[in-house]
Undergrad: 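Below is one structure. I have some questions about it.
Order of listing sets the numbers, starting from 1, for every ligand and every atom in it.
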Amino acid sequence: MKKLIAVFMASLMCISLAACGSKGEEPTEAPAQTEAPADSEEPAEAEGAEAPEDNGEAAGDFTTVTEGVLTMGTNATFPPYEFYDGEEIVGIDAEIAGLLAEKLGLTLEIQDMDFTAIVTSVQTGKIDVGLAGMTVTEERLENVNFTNTYANGIQVVIVKEDSDIQSIDDLEGKLIGVQEGTTGHTFCADDYGEDSVVACTNGATAVQSLLTDKVDCVVIDKQPAISFVEANEGLKILDTEYANEDYAAAVSKDNDALLNALNTALDELIADGSIQAILDKYIKAE
Ligand code: ARG
């Protein structure tokens with residue numbers, strides 16, 4: 001797994017230079033990379049699930065964008081939650097979505113897109129669920145519903161090993177790299193001002209900016225941070241945490257039936273230990 005993520009990181013680094021900008025410079029809602037190929041749905045889990053199981057009333061009458069398919073939008077630059085293994089998007093969210101789809105009697109299809117496009121795509125009915133290590137926030141709740149939470153996320157700070165930044169208290173006046181549209185972006189802009197924040201297309205480009213001294217630190221979710229630090233020499237994660245968050249899947253406000261069906265399925269997968277098993281597969285115990 002480690003090697004896999006390292007390969008992913010290496011390839012991403014090559015294509016991701018100069019993808020950060022200060023406020024307003026970056027293209028925002030750029031259309032998806034949409035290179036998710038037809039075979040990118042979750043492998044084993046999504047197989048043989050055509051015949052809808054009887055999931056009781058909750059799974060009764062939901063509709064999906066494409067009949068028989070659960071269309072998931074994600075931003076696959078976020079190991080170990082979603083990242084590319086060759087042509088295929090894999091990771092915690094992909095596996096969870098595979099199990100959810102199976103429970104709902106659907107085939108999973110994953111679409112890769114900019115993180116900033118996910119909520120809009122749910123809202124406009126382009127995708128059924130946004131599953132992207134996405135934090136439940138008040139702001140997002142104005143536009144979409146969230147399922148029950150399935151994981152915990154923590155915002156952390158990555159610095160160079162020899163950095164003079166030793167804790168959160170030292171961030172004032174520093175340039176902070178973030179992934180555009182993430183909670184790390186919002187929090188840092190609120191706490192330190194937009195001018196202190198350099199918004200990057202993804203976490204890898206933010207880390208690249210740190211390695212080339214274009215920013216002084218990167219604020220990002222802990223598990224991707226661990227992957228990025230493992231894949232690059234000379235970086236470390238500060239001990240102090242910046243924020244503690246809950247991850248959930250975003251669903252359209254107009255599709256309560258799907259939300260209920262997903263919650264029922266998710267609760268079963270939490271109760272029988274399946275979700276924990278997936279988390280344990282990708283996240284090392286500390
Ligand atoms: N948890 C953060 C948020 O919700 C970051 C998520 C980024 N996810 C991704 N797949 N790139 O804003």
Undergrad: Does Asp164 have any salt bridge (Lys or Arg N to Asp or Glu O under 4.0 Å) partners at least two apart in sequence or in another chain, and if so, which?
TA: Lys174
Undergrad: With Gln179, which of Asn75, Thr205, Thr116, Asp114 fulfils side-chain hydrogen bond (donor to acceptor under 3.5 Å, both in side chains)?
TA: Asn75
Undergrad: Treating Asp128 as the side-chain partner and Val65 as the backbone partner, does any N or O pair qualify as donor plus acceptor under 3.5 Å?
TA: yes
Undergrad: The criterion is ring pair (Phe, Tyr, Trp, His ring centres under 6.0 Å); which residues satisfy it with Tyr247, sequence neighbours excluded?
TA: Tyr81
Undergrad: One pair per line, please: each N/O atom of ligand 1 matched with every protein N/O atom under 3.5 Å away, atom names first, then the distance to 0.1 Å.
TA:
{"from": "ligand 1", "atom 1": "1 (N)", "to": "Gly133", "atom 2": "O", "distance (Å)": "2.8"}
{"from": "ligand 1", "atom 1": "1 (N)", "to": "Thr135", "atom 2": "OG1", "distance (Å)": "2.8"}
{"from": "ligand 1", "atom 1": "1 (N)", "to": "Asp221", "atom 2": "OD2", "distance (Å)": "2.6"}
{"from": "ligand 1", "atom 1": "4 (O)", "to": "Thr135", "atom 2": "N", "distance (Å)": "2.8"}
{"from": "ligand 1", "atom 1": "4 (O)", "to": "Thr135", "atom 2": "OG1", "distance (Å)": "3.2"}
{"from": "ligand 1", "atom 1": "4 (O)", "to": "Arg140", "atom 2": "NH1", "distance (Å)": "2.7"}
{"from": "ligand 1", "atom 1": "8 (N)", "to": "Ala132", "atom 2": "O", "distance (Å)": "2.8"}
{"from": "ligand 1", "atom 1": "10 (N)", "to": "Asn75", "atom 2": "O", "distance (Å)": "2.9"}
{"from": "ligand 1", "atom 1": "10 (N)", "to": "Glu82", "atom 2": "OE2", "distance (Å)": "3.0"}
{"from": "ligand 1", "atom 1": "10 (N)", "to": "Ala132", "atom 2": "O", "distance (Å)": "3.2"}
{"from": "ligand 1", "atom 1": "11 (N)", "to": "Asn75", "atom 2": "OD1", "distance (Å)": "2.9"}
{"from": "ligand 1", "atom 1": "11 (N)", "to": "Gln179", "atom 2": "OE1", "distance (Å)": "3.2"}
{"from": "ligand 1", "atom 1": "12 (O)", "to": "Arg140", "atom 2": "NH1", "distance (Å)": "3.4"}
{"from": "ligand 1", "atom 1": "12 (O)", "to": "Arg140", "atom 2": "NH2", "distance (Å)": "2.8"}
{"from": "ligand 1", "atom 1": "12 (O)", "to": "Thr183", "atom 2": "N", "distance (Å)": "2.7"}
{"from": "ligand 1", "atom 1": "12 (O)", "to": "Thr183", "atom 2": "OG1", "distance (Å)": "3.4"}

Undergrad: Can you sort out the partners of Lys160 under salt bridge (Lys or Arg N to Asp or Glu O under 4.0 Å), two or more places apart, ordered by chain and number?
TA: Asp213
Undergrad: Just checking, any donor-acceptor pair under 3.5 angstrom between side chains of Asn152 and Glu245?
TA: no
